[in-house]
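Some notes on the structure that comes next.
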Amino acid sequence: MKKMSFERKPSLGDSGDDIVACKQRLNILGYYVGDTKLPEFDALLESVIKKFQQDNGLYSYGVLDNATMLKLYEITNGFEVEEDTQFEAAVEYLGRK
């Protein structure tokens, strides 16, 4: 998993590794179902963040502010994630058919 960064407040249209880090964590929690490797903050991510904020008693406006990132970090801190390269290869292969 990418490291979380608390240096800015990403929103729709931004891109960067900090966005990938949040997508990965939101994916683990079952919120984000898009491509976690793409660094762009898209409309899907914005709606997912709003839902996460709402579910966690945060101001729900779809921006990755410090309170949202901290809550995301607190919930996922200590999770161990193992990359399944065979699964990823199968998904890629089946996607081409």
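Because the structure is predicted, anything quoted here is derived from the model rather than measured. Note that these values count all heavy atoms, side chains included, but never hydrogens, waters or copies made by symmetry.
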Worksheet entry | Shortest non-hydrogen contact from M1 toward Q24 | CA-OE1, 3.3 Å

Practice prompt. Decide whether L26 and V20 are clustered together by the hydrophobic rule: side chain heavy atoms of Ile, Leu, Val, Met, Phe, Trp, Tyr closer than 4.5 Å, transitively.
Written response: no

Fill in: Donor-acceptor contact below 3.5 Å, side chain K23 vs main chain L38
yes

Worksheet item: Between V63 and M4, is there a shared hydrophobic cluster once you connect ILVMFWY residues whose side-chain heavy atoms come closer than 4.5 Å?
Response: no

Fill in: N56 to K71 - nearest heavy-atom pair and separation
OD1-CE, 3.8 Å

Worksheet item: Looking at L70 and F6, what are the two nearest heavy atoms and their distance?
Response: N-CE2, 3.6 Å

Item to complete: Any chance you could measure L45, atom CG, to S11, atom OG, to the nearest 0.5 Å?
Response: 10.5 Å

Worksheet item: For the residue pair M69 and R8, what are the closest heavy atoms and their distance?
Response: CE-O, 3.3 Å

Discussion item. For E74, is the CD atom crowded, meaning more than 12 foreign heavy atoms sit under 6.0 Å from it?
Written reply: yes

Worksheet item: Would you say the side chain of P39 lies within less than 4.5 Å of the side chain of I19, judging by non-hydrogen atoms?
Response: no

Fill in: Distance (rounded to the nearest 0.5 Å) between I75 CD1 and I28 CD1
11.5 Å

Worksheet entry | From N27 atom CG to T76 atom OG1, the distance as rounded to the nearest 0.5 Å | 11.5 Å

Discussion item. Looking at every heavy atom in both P10 and D18, which two are closest together, and how far apart are they?
Written reply: CG-OD2, 3.4 Å

Worksheet item: Which distance, rounded to the nearest 0.5 Å, do you find between the NZ of K51 and the OG of S60?
Response: 9.0 Å

Worksheet, complete the sentence: Partner of Q53 under side-chain contact (heavy atoms from CB on, under 4.5 Å), picked from L64, V48, L72, L58, is L58

Worksheet entry | L44 CG to Y32 OH distance, which is reported to the nearest 0.5 Å | 5.0 Å

Item to complete: Please identify each residue that fulfils side-chain hydrogen bond (donor to acceptor under 3.5 Å, both in side chains) with D65, with sequence neighbours left out.
Response: Y61, T68

